[in-house]
Amino acid sequence: MIAVIKQGASEKQVASLMSWFQSRGLKTHLSEGEFQTIIGLIGDTSRIDVDLLQGLEIVESVKRISEPFKSANRKFHPKDTVVDAGGIKIGGGNFQVIAGPCSIESSEQILNIAQNVKESGAALLRGGAFKPRTSPYAFQGLRAEGIELLLEAKAKTGMPIVTEIMNAVHLPLFEHVDVIQVGARNMQNFELLKELGQVKKPILLKRGYANTLQELLMSAEYIMAEGNSDVILCERGIRTFETYTRNTLDLSAVPVLRELSHLPVIIDPSHAIGVSRFIKPMALAAVASGADGLLIEVHNDPQNAACDGAQSLTPDQFAELCVKIKKVREAVAES
């Protein structure tokens, strides 16, 4: 349920109404826009007399929300959320490219790639320290050492860093990580999501390859319900019957999620496609669709990468892509 407040209502009146809601066991979310103030109510709203509420002097209207996700719902928060990721803004018209290797392999490798992608226009550096793999015999990352190497690259380049968490027990290792990524396999690891909801860091939440958009938003809700509203949604492809690509990139997720939610939406074409030569056109299509950013895998030696070399761009290919991204963004802005 949301209560739309009339223009001219005083802060004291709004605070009094919020206290009244809270006294009835409801959580409140205040959204103050340029032209409208909204109080979102989370909990059992069946105990609220809608007619009584609409009769209050400061209330313009009352609406019930049928969707199960509340905090992530645009009806609760009409304005786009802008997430501050280590000083870099994402969302609300702030488009960013996050780039780096699938997995961190050495100090020289991650620093070399970091410098290259920064020069080309990437704002944040990604790198996998903990790697979830289908096979228990595949390379699963350098773990704690990988985070240390990523932090070294951050110190030398000034780039905020993004890396994936696998287990809440590893949270102390992420103290200086700017954005914590939740991978597709952990999208519905609800105990992990609740732990991340208590962390004061942006969470990059990837859609599971067999999950609906509503399920993605419900996972975001788990994080937000615990108090962390800095969530970035990421579409990384879904599993279909198609075999020519690793997954099928669902670009329709961008306009749908932007209509349903106020959270930033970024696209990961690398994991979606799995074939490097197809990443450029899909990345550009993602930009044209209105995405708030891209997550691109870049490796200085893809043929010898420890994992996912087939879906990694070289630094030169990434530089070419960044030039085209700028042109597409300019064209979209003019249309």
Side-chain angles (χ1 to χ4, degrees), residues 34 74 77-100 113-126 157-162 178-179 181 202 204-207 213 216 230-237 245 248-273 275-298 311-335:
E34 186 176 353
R74 186 172 286 278
H77 196 295
K79 293 178 64 177
D80 289 345
T81 285
V82 178
V83 173
D84 187 321
I88 303 296
K89 294 182 178 180
I90 302 174
N94 299 285
F95 179 94
Q96 306 296 348
V97 178
I98 306 169
I113 295 173
Q115 291 170 334
N116 280 318
V117 297
K118 181 178 181 179
E119 289 173 5
S120 297
L124 294 96
L125 174 66
R126 62 144 291 153
T157 64
M159 298 178 76
I161 55 175
V162 182
D178 298 286
V179 180
Q181 175 182 308
L204 194 161
L205 179 64
K206 285 195 169 188
R207 179 186 182 184
L213 295 179
L216 171 63
D230 288 331
V231 179
I232 303 165
L233 304 174
C234 181
E235 164 60 36
R236 48 80 69 209
T245 55
T248 297
L249 180 55
D250 181 14
L251 284 181
S252 66
V254 177
V256 174
L257 287 173
R258 288 181 63 81
E259 180 177 285
L260 292 173
S261 178
H262 53 90
L263 299 174
V265 181
I266 70 171
I267 296 293
D268 175 359
S270 301
H271 278 91
I273 305 302
V275 182
S276 62
R277 65 180 180 277
F278 298 143
I279 290 173
K280 288 183 186 178
M282 296 315 299
L284 298 177
V287 176
S289 73
D292 294 298
L294 292 169
L295 184 63
I296 305 286
E297 290 196 359
V298 180
Q311 66 189 37
S312 299
L313 299 182
T314 65
D316 287 344
Q317 290 171 329
F318 178 73
E320 293 172 6
L321 174 60
C322 286
V323 172
K324 293 182 179 179
I325 287 172
K326 184 178 180 180
K327 291 180 179 178
V328 171
R329 292 195 68 223
E330 291 173 350
V332 171
E334 293 173 359
S335 62

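Computed from a predicted model, the values in this text were never measured in an experiment.
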Give a yes or no answer on whether the side chain of Ser120 reaches the backbone of Val117 with a donor-acceptor pair at less than 3.5 Å.
no
Would a distance-only check, ignoring hydrogens and angles, find a side-chain to backbone donor-acceptor pair under 3.5 Å from Asp292 to Ile266?
no
Evaluation steps, side chain to side chain contact (heavy atoms under 4.5 Å, CB included), between Leu321 and Leu284
CA-CA 8 Å; Leu321 174 60; Leu284 298 177; 3.9 Å; yes
I'd like to check Pro315 versus Val298 (side-chain heavy atoms, cut-off strictly below 4.5 Å). Are they in contact?
yes
Under a 3.5 Å distance rule, please check whether Arg74 uses its side chain to pair with a backbone N or O of Arg258 as donor and acceptor.
yes
Full working for side chain to side chain contact (heavy atoms under 4.5 Å, CB included) between Asn94 and Val82:
CA-CA 8 Å; Asn94 299 285; Val82 178; 3.8 Å; yes
From Arg207 CZ over to Arg236 CZ, what is the distance, rounded to the nearest 0.5 angstrom?
10.0 Å
Hey, what do you get for CD1 (Ile98) to SG (Cys234), rounding to the nearest 0.5 Å?
8.0 Å
Check for a donor-acceptor pair, side chain of Thr157 on one end and backbone N or O of Ala114 on the other, with a separation under 3.5 Å.
no
State the CD1-NZ distance between Ile232 and Lys206, to the nearest 0.5 angstrom.
12.5 Å
Any side-chain heavy-atom pair of His271 and Gln311 under 4.5 Å:
yes
Measuring from atom CD of Gln181 to atom CD1 of Ile161, what distance do you get when rounded to the nearest 0.5 angstrom?
12.5 Å
Heavy-atom neighbours of Lys89 NZ exceed 12 at 6.0 Å
no
For Gly93 and Arg329, work out which heavy atoms get closest and say how close.
O-NH2, 4.0 Å
I want to check something: taking the side chain as every heavy atom from C-beta on, are Leu205 and Leu216 in contact at a cut-off of under 4.5 Å?
yes
Rounded to the nearest 0.5 angstrom, the OG1-CG distance for Thr81 and Asp230 is 8.0 Å
I need the minimum non-hydrogen distance between Ile88 and Ala123, along with the two atoms involved.
CG2-CB, 3.9 Å
If the condition is side-chain hydrogen bond (donor to acceptor under 3.5 Å, both in side chains), which residues does Ser252 pass it with, not counting sequence neighbours?
Asp250
Might you confirm whether atom CD of Glu330 has over 12 heavy atoms from other residues, nucleotides or ligands at distances under 6.0 Å?
yes
Heavy atoms only: give me the nearest Ala286-Ser289 pair and the separation to one decimal.
O-OG, 2.7 Å
Between Phe318 and Asn116, is there a side-chain heavy-atom distance shorter than 4.5 Å?
no
Can you list the residues that meet the salt bridge (Lys or Arg N to Asp or Glu O under 4.0 Å) rule with Glu320, with sequence neighbours excluded?
Lys280
Identify the heavy atoms of Pro269 and Leu294 that sit nearest to each other, and give their distance.
CD-CD2, 4.4 Å
Kindly say whether Gly237 contributes a backbone atom to a donor-acceptor pair with the side chain of Glu235 at under 3.5 angstrom?
yes
A side-chain contact here means heavy atoms from C-beta on lying under 4.5 Å apart; do Val179 and Val83 qualify?
no
Find out whether Val97 and Ile325 are in side-chain contact, i.e. whether some heavy atom of one side chain is under 4.5 Å from a heavy atom of the other.
yes
Could you go through the side chain to side chain contact (heavy atoms under 4.5 Å, CB included) check for Val287 and Val332 one step at a time?
CA-CA 9 Å; Val287 176; Val332 171; 5.5 Å; no
Within-4.5 Å side-chain heavy-atom neighbours: Asp80 and Pro264:
no
Looking at every heavy atom in both Ala122 and Ala99, which two are closest together, and how far apart are they?
CB-CB, 4.0 Å
Evaluate the side-chain proximity of Gln317 to Ile279: yes if any heavy-atom separation is below 4.5 Å, no if none is.
no
For the residue pair Leu295 and Ser270, what are the closest heavy atoms and their distance?
O-OG, 4.0 Å
